[in-house]
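Following: one structure in structure tokens, then a few remarks.
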Amino acid sequence: MLAGHAADAPAPSRRRRQSLYMRLQADEKEGEEVSVRSLLDTLKSQVLLVLTSFYKDFTTSYQHRIDLRDDIASVRDQLEEMGPPEKTNLHAKRENELMGDTITFLEALTKIHAEIQGMDQLVDTGEFVSAADSIVEMTRLLETVDRFAKRCGCPPDIVKAVKMQVISKSSHLQQKLQELFVAAFVLTSGADGCELRAATRLLATIGQNYFDSPIKSYDVLVAMERMGTLDSAIRRLSKRLISTIVTHIINHPSEDINVTRTRIALSIRVGFTPKSLHEVDTKHDRKTVSRILASVLKLAQALKEDVLSAPLSSEHSYDAFRVFAKIWGHDLCDELVRSCLTRSIPDNQAAFDEYATLVEDVQGFDQGMRNLGYFEDDKNPLVQFVAKIQRHYAHKQRSELLVLVRDVLESDDRNTVQVPGPLEKDIFATTSETKAAKEQTSGSNPNGKGGQKDGLEIPDMDFKFPTCHVSVQAQTIVELAIQTLEEVTDAPDAAKLNAFYCARDIFDAYRAILPVHHADSLENDPGRTMLFHNDCEYISFHLLILGYRYHKNLPYPLTEMGTFVDLVPSFRKMGEGYFRNQMRKQRDILLAKVADAQGFHNLGDDERCETVEEAIKATLYHLQTLSKAWKPIMASRLYFQSIGLLLNVLLHGLLKELAKLSYPQSSTSPSSADTKANDDAPEVAWTRQEAHQLRYLLSLIDKTEQYFETVSGAGKAKTVEKAPIPKYVPLWEPTREIVQLLDTQPAATVLQRVTAALQAAGATLEMS
């Protein structure tokens, strides 16, 4: 290669070569080492001058373009004839090594210079393989230049200029090869079809015509491989083939693939038929998948035989198909699994009988691709996919179910349903039904075991879920979990195992999505908070019994240890946490509204009395709003406890405000002796008019009795049941007693009773 380029440069004349030897002979009188060293310095100066004048755009003359490689070779020969110096002469030895390195450095520089001068001619004549080899050779020589440049005293600017020239030529060649590669493989796609046109001979490209000597496409691939850019180009071509032709085949399996061959190009067309045949198939059955695999195999065969195979007349033995097969085979498997085989996964267990034939078709396709060289012997992803179809079926069912669960949980559905209901009659059995079932079981089995799991018998009264309302979302996900476990009764063990974990994922999805997606309403809507608490208790109840109900259907070891009980604490903690936070928030709101009254003093003033009355009515109205929101959805006992606790907090706040009323002449309550001694100037906490106003204001709490009434039936069958208020409101009776004492007893007696009531209620409130 280098010899060929040397022929292009002007060769030195015989006279110049003779003058070289004459100079060598003339210098023999002064010693051989001095002669070679002097001549080497002269050649070095000429080489650097040539490079400087050529790459620095200085004024040049003909002598700066003379090829000095023969002179350098002659000096190397003379240096070798001199032989190595004596071992004891270290200075001569170092000089000899330096001259050898200088000769190597000058040879590399002159070769690079010659290659650069011939590069443009190679590109213009279409000899791209030779041009790529030249770039590779120059890159190798640059390493030699970098290694000896500093030792030989070469200016850094010259080395930098040479490197820039090599980089420029390399970039220009890469751009030209990329243009030729794009022109060689043209992919077009439209609504009616797609086509690959692969040219075997390139007659013209951007900015350059090759009509006289067309370029072979395979030579472009060989040149790109030697430049190290073929892999990236093949990857882009592979992705384009997948996104156009293969995707079109998968979406339109009824269309045929047509291959047309000419002397200069190959055309692979899919489609271009009437639009009635272009309906996209979203679901693939066995016949559809088999047709798709046959079309893809035909495409793969055409790509190997007519597009990427080496022509018989090619002078290069590089196998470009091997690179393409390795890349495209991997991408093709991923696309077929994702867009074709995934769609063919059965929707139910009954469809697996037909799937056995599809497994044979996939194995035949895999073997055909191996014969063509696309698939490696130790990898068969398509066969492995269909071999694990039971697992993929389970994953598909699981994914679709979890997507449905996510949509249900993210919906803004505020509907509720009462439980226990008709859908869960067998789960929420009444005490009498449970007792009858147990008596029947014990009667049929004298040992009393009755086929039940030891230690899991449901008690008569302890394990019972109260009547309340839950959200439709909570009931839906529980039904989905139960349905998931029931559908795999006759399925293989792998499907049962996946169903068990899928049911757990359903509950985990509720725990992960709903508190985040509906965080605002859970924090600020009291009714939504209590409904969420009911949902958590409802789900916890089912989690306690699901493992017991379905453990017999699960494979070992889930038969003995398959349970959902470990999820119960997290659900209960989550529901109780929101319940507790909401109760604290409502407590603070009630106390803040009581504080708006600014105490019970000076009630003789009409404006003050109206202010206090508005504050108390606002407090009672807020409590009424909570009662209307909670009573329809909460369990009766929990509702009475919750509303009773808040009412007790309200009464405690009112009594504390009443206890703050002080005596006009003394900060402490007077004793009985002092009262008798000062009958003429009694010390009172309020006047008779203020006592009357206090009695009226505190008697407003009587309206809260309706919060503890339960109405059932309608019309003539309507009945009203009243819950025992003192059971849930410890301050109810003391407060009513104090209200009655306001008109009959002096202020001191009333305040003493208030103090006693507050002291008695203090411990209860702390516990609450």
Side-chain angles (χ1 to χ4, degrees), residues 1-11 50-51 53-57 60 64-65 67 69 108-143 145 159-186 198-234 236-237 264-265 308 310-311 313-318 320 323:
M1 174 63 65
L2 295 177
H5 296 328
D8 299 333
V50 169
L51 296 176
S53 61
F54 188 83
Y55 297 115
K56 293 287 186 176
D57 296 329
T60 60
H64 294 159
R65 300 179 183 273
D67 192 351
R69 285 180 290 177
L109 274 180
T110 53
K111 289 179 181 179
I112 293 175
H113 179 62
E115 296 289 346
I116 292 175
Q117 287 182 312
M119 177 60 64
D120 292 338
Q121 182 180 359
L122 293 177
V123 175
D124 292 340
T125 57
E127 299 180 17
F128 292 102
V129 178
S130 299
D133 291 337
S134 179
I135 292 294
V136 174
E137 180 65 16
M138 285 190 290
T139 303
R140 183 186 65 81
L141 292 173
L142 280 177
E143 297 178 358
V145 171
V159 178
K160 182 179 179 181
V162 172
K163 286 184 178 180
M164 294 301 297
Q165 286 294 320
V166 174
I167 294 174
S168 175
K169 298 299 182 182
S170 177
S171 301
H172 177 68
L173 179 60
Q174 290 181 12
Q175 180 183 1
K176 182 63 65 174
L177 292 175
Q178 183 62 35
E179 293 176 359
L180 294 172
F181 186 87
V182 173
F185 304 98
V186 180
T200 56
R201 293 177 178 270
L202 299 173
L203 301 179
T205 58
I206 301 175
Q208 186 68 47
N209 296 327
Y210 300 99
F211 292 104
D212 296 337
S213 57
I215 301 174
K216 298 179 182 179
S217 300
Y218 195 81
D219 291 345
V220 175
L221 299 180
V222 174
M224 295 181 71
E225 188 275 334
R226 297 186 181 181
M227 290 285 294
T229 60
L230 182 60
D231 285 358
S232 59
I234 290 294
R236 292 193 296 269
L237 176 62
I264 62 174
L308 295 167
S313 59
S314 177
E315 301 175 357
H316 311 287
S317 60
Y318 175 71
V323 179

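- Side-chain atoms of Met119 and Met138, non-hydrogen and from C-beta on, do get closer than 4.5 Å to each other.
- To the nearest 0.5 angstrom, Asp219 atom CG is 13.0 Å from Met224 atom CE.
- A pairwise comparison of heavy atoms in Ala132 and Ala223 identifies CB-O, 3.6 Å as the closest pair.
- The two residues Ile116 and Val162 have their closest heavy-atom pair at CD1-O, 4.4 Å.
- The backbone N or O of Met164 lies less than 3.5 Å from no partner atom in the side chain of Ser168, so there is not a single donor-acceptor pair.
- Side-chain contact check for Val323 versus Glu225: every heavy-atom pair is 4.5 Å or farther apart.
- A distance of 10.5 Å separates NZ in Lys169 from CG in Leu122, rounded to the nearest 0.5 Å.
- With values rounded to the nearest 0.5 angstrom, Gln117 atom CD is found 10.5 Å from Gln165 atom CD.
- Annotation: the span from His113 atom NE2 to Leu141 atom CG amounts to 14.0 Å, rounded to 0.5 Å.
- Expressed to the nearest 0.5 Å, how far OG of Ser134 lies from NZ of Lys111 amounts to 12.5 Å.
- Contact record, Val136 with Arg226: CG2-O, 3.4 Å, taken as the closest heavy-atom pair.
- In this structure, the side chains of Ile135 and Leu173 come closer than 4.5 Å at one or more pairs of heavy atoms.
- The side-chain heavy atoms of Thr229 and Phe181, taken from C-beta on, include no pair separated by under 4.5 Å.
- In this structure, NZ on Lys176 lies 8.5 Å from CG on Asp124, to the nearest 0.5 angstrom.
- The minimum heavy-atom distance linking Ala131 with Val123 is given by the pair CB-CG2, 4.4 Å.
- Side chain of Ser170 to main chain of Val166: no donor-acceptor pair is present (N/O by atom type, distance under 3.5 Å, no hydrogens or angles).
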